[in-house]
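As a basis for the values below, the full set of heavy atoms in this structure was taken, side chains included, without hydrogen atoms, waters or symmetry mates. In what follows, chains are A, B, ... by sequence order, proteins preceding strands, each numbered from 1.
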Amino acid sequence: MAETVKGGEFLISETPGNLVFTPEDFTEEHKMIAELTRNFVDQEVVPHLDDIDKLKEGLLAGIMKKAGEQGLLSVAVPEEYGGMEVDKTTSIIVAENSGKGASFAVSLGAHTGIGTLPILYFGTGEQKQTYIPKLASGEWLGAYALTEAGSGSDALGARSRAEKSADGKSWILNGEKMWITNAGFADVFIVFAKVDGEQFTGFIVERTDPGVSLGAEEKKMGIKGSSTRVVKMDNCTIPADRVLGEIGKGHKIAFNILNVGRFKLGASTIGASKYVQSEAVKYANERKQFGVPIGTFGAMQHKLAEMAIRNYVGESMLYRTAGLLDLATAGKKATTPEGAEAVLKGIEEFAVECSILKIAGSEILDYVVDEGVQVLGGYGFSAEYPMDRPYRDSRINRIFEGTNEINRLLIPGMLLKRAMKGQLNLMGPAMAVQGELMSIGGLEEGTGDLFEAEKKALANAKKVFLMVAGYGVQKYMDKIADEQEIMMNVADIVIDIFGMESALIRTEKRIKKEGQAACSHLVDAVTVFVNDAVDRISSNGKNAIASMSEGDEMKMLLSGLKRFTRWTPVNTRDARRRIALRQLESGGYNM
Amino acid sequence: MNIFVCVSQVPDTATRIKPAADGKSIDRTDVNYILNPYDEIAVEQALRVKEAAGGEVCVISAGDDSVLNTIRKALAMGADKAVHLKTDADFDGFAAARAVAAYLKTANADLIFTGKESVDSNSGQFSTFLAALLGINVVNIVVKLEISGTQVKAEREIEGGKELVETTLPAVISCQKGLNEPRLPTLKGIMASKTKKPEEIAFSGGPSSTVITELSKPPAKPAGKIVGSDVTAVPALVELLHNEAKVI
Ligand SMILES: Cc1cc2nc3c(=O)[nH]c(=O)nc-3n(C[C@H](O)[C@H](O)[C@H](O)COP(=O)(O)OP(=O)(O)OC[C@H]3O[C@@H](n4cnc5c(N)ncnc54)[C@H](O)[C@@H]3O)c2cc1C
């Protein structure tokens with residue numbers, strides 16, 4: 001196999017361990033930057049979280065500027081523009097470790113991702129020279145204005161317009177952008193508007209440009225400290241050279257940049273989730289009921305273990321994807337147009353993985369904050385205990401950067417597109433699985449592998465995906481996108497496959513390095529996760545099959561599903577207890 | 001100004017320390033090492049002196065290769081170069097002082113910073129040993145420092161008060177919490193530290209003068225006693241504090 005991995009390829013083949021990056025592969029710089037971010041959040045953000053949430057004037061913007069002084073805003077920026085352009089993994093490390101910083105993490109992610117990268121990847125040399133050094137140092141802060149009151153998921157339905165002035169020297173923008181993160185203090189906005197009401201195009205708008213004004217702060221359920229406002233453009237006049245990229249190609253910017261945003265969101269949610277788990281574990285150690293710490297109760301251990309398992313799986317998916325992106329963009333710098341194009345290609349290649357991370361991260365965090373509140377009982381409901389803020393803050397993650405529904409729809413959609421374009425060979429393997437359905441499954445010899453059952457389940461899960469998606473495409477052809485329920489089922493199967501495989505490969509690598517004894521909790525985690533994933537895959541498969549087919553066809557598909565989801569249940573109670581005890585002993589997330 | 005900072009690595013204060021099977025050392029598995037917090041203050045002070053008076057800051061650390069990470073942290077904060085006095089053996093503070101002194105004898109040091117102690121063994125003797133071996137001045141547990149030319153004005157913590165000390169360079173200063181707030185490294189500093197390769201020199205401190213014969217965990221705290229929940233419990237509480245705990 002070639003030493004590269006294609007986007008979505010995990011669904012049709014096994015990725016060798018050496019091509020799967022894990023946190024255990026961090027370099028010394030990675031570790032130091034993780035520590036720097038953690039320390040920055042602990043020293044500069046956490047003590048002020050209450051004031052940040054009250055939108056205290058200048059506070060969050062000031063912290064962002066401090067983050068700039070520390071270099072945290074320049075991770076993705078090339079040296080030519082005052083940054084350090086380290087690798088993508090480093091950006092993800094910064095995003096993950098900022099997760100504990102609540103609204104700060106949102107602001108940081110918006111600035112360094114969707115606020116800065118459009119100019120870096122699509123800007124002209126001059127635009128980059130003008131804006132990037134200031135954005136990298138924090139002298140200027142950035143925002144991204146795509147959404148409007150009437151167009152959210154349907155971002156291309158924007159009504160904002162841009163017209164060339166009569167003398168051809170400027171653009172005149174009119175419209176209202178809604179829900180714009182960082183709007184209150186941003187100096188630069190990436191704005192999308194339609195040239196002459198038709199051609200969707202990106203523009204760079206400065207706060208001080210004539211005709212720009214802001215609405216009041218939105219009153220929000222969570223991330224109350226992040227600034228979210230309407231950005232109004234009333235005959236906003238900007239120089240002609242502020243077009244970003246090509247006229248009529250704004251969608252290229254919008255969608256590519258969202259991929260990065262999704263990836264980063266996956267990172268910050270996993271980071272937040274590990275932090276929230278640690279708070280739950282601490283509380284479970286301290287709180288006594290019936291004379292014993294509540295962490296000794298099986299029902300509590302189940303939750304704590306499940307948090308740890310999901311965090312471990314999430315972390316494994318996250319850094320695997322970071323490694324994929326680094327592999328794809330190695331040696332390519334965003335300084336030249338060709339370089340930027342190459343970086344974008346790399347990011348586009350793994351768009352499916354970015355959507356998976358967005359969904360998985362936001363839903364892992366939602367699970368963990370929900371059960372976190374539960375572990376704290378009444379105190380979990382108190383605004384003076386540590387679960388209140390994460391619980392409220394978590395919810396938005398399933399909505400912005402593309403709702404989880406939109407991202408779920410994108411996963412099979414993008415996979416099919418890649419298959420059609422010949423970038424991913426789904427057809428061959430799908431036909432092979434169909435052939436297998438007709439044949440009688442033979443007995444297979446055991447391999448004696450530690451993860452024999454899990455690997456079998458994983459390989460079979462890929463067959464379920466190929467069978468269900470393959471049948472769906474045959475049946476509905478290009479109308480499959482209208483069968484959203486089926487698309488959702490398929491997306492969920494894909495997400496579980498990526499999770500199972502990422503955790504499994506990482507654990508095998510760790511066993512090789514650290515020995516099996518030191519990794520017994522990880523073996524437990526993989527086994528429990530696969531055990532539950534097989535159930536979910538079976539359920540998703542059943543729903544899809546029974547909705548799409550009937551009669552003999554349905555029977556055949558269902559019997560295939562049964563064969564491909566065969567799994568001997570394991571003692572998840574004991575495995576979870578062991579994992580929970582490890583967390584309790586170390587007083588936090590420890591996998 | 002030729003400035004040196006002596007640093008050591010210590011187990012992360014959040015690590016749960018366990019004695020190893022031999023009962024004389026700590027179990028190093030799962031232990032995460034960090035730059036000794038007092039040494040971090042020392043590095044910060046060295047950088048501040050350099051920023052005010054010019055010169056160069058060199059970090060010195062003794063130990064096996066694992067101290068390289070600790071050295072790297074000091075370099076990332078902004079130190080210019082580093083010396084690694086390499087040994088795989090364990091050593092006490094006196095042996096460490098001999099090794100560092102042997103190196104510094106010919107290094108023309110103006111100012112040597114150390115932490116007031118390392119938070120693992122907490123013996124707090126290193127700075128005094130080092131100054132004695134070099135035959136130069138020493139001020140310990142410093143919380144405020146002013147340097148102009150070769151004049152040193154230091155405020156040090158003493159039992160129940162403060163002491164103002166004046167002395168001259170060259171001198172060893174051991175740093176106490178409160179002297180400064182150590183900076184975080186910058187991203188640039190972290191990346192730059194990669195290229196500052198520490199000079200490796202064999203540890204020449206000789207054998208330790210002390211031997212650890214046993215290491216054990218403190219006995220578990222006995223369960224607390226609740227004598228009552230309102231004012232009527234006060235006499236019983238006073239009685240216990242007086243006769244049992246013997247604290248009043
Ligand atoms: C706090 C906050 C910060 C934000 N920051 C920014 C920002 O910085 N910049 C920016 O441009 N935007 C930002 N947004 C906007 C955000 O990206 C949108 O809210 C989001 O894309 C959803 O759009 P909508 O709110 O219009 O919901 P809608 O698109 O109206 O969706 C409503 C529901 O319908 C579902 N739905 C919609 N279309 C489909 C479909 N085709 N198939 C199936 N289901 C569908 C959705 O999944 C959702 O459940 C922010 C929003 C919030 C709340």
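- Proximity to chain B (any heavy atom under 4.5 Å) is shown, for Val94(A), by neither the backbone nor the side chain.
- The residues Arg578(A) and Asp524(A) are annotated as salt-bridged, a charged nitrogen and a carboxylate oxygen being separated by less than 4.0 angstrom.
- Salt bridge status for Glu35(A) with Lys31(A): absent, with no side-chain N to carboxylate O gap under 4.0 Å.
- A salt bridge links Arg506(A) with Glu24(A); the closest basic N to acidic carboxylate O contact falls under 4.0 Å.
- When the candidates Glu29(A), Met84(A), Gln43(A) are compared by the number of heavy-atom contacts under 4.5 Å with chain B, Glu29(A) comes out ahead.
- Judged as a salt bridge (Lys or Arg N to Asp or Glu O under 4.0 Å), and not counting sequence neighbours, the contacts of Lys225(B) are Glu244(B).
- For Arg72(B), the parts lying near chain A are the backbone and the side chain together; criterion is any non-hydrogen pair under 4.5 Å.
- Heavy-atom distances place the backbone of Glu69(A), and not its side chain, under 4.5 Å from chain B.
- For Glu585(A), the part lying near chain B is the backbone, with the side chain staying farther off; criterion is any non-hydrogen pair under 4.5 Å.
- Residue Ile212(B) qualifies as open at atom CD1: its count of foreign heavy atoms under 6.0 Å is 12 or below.
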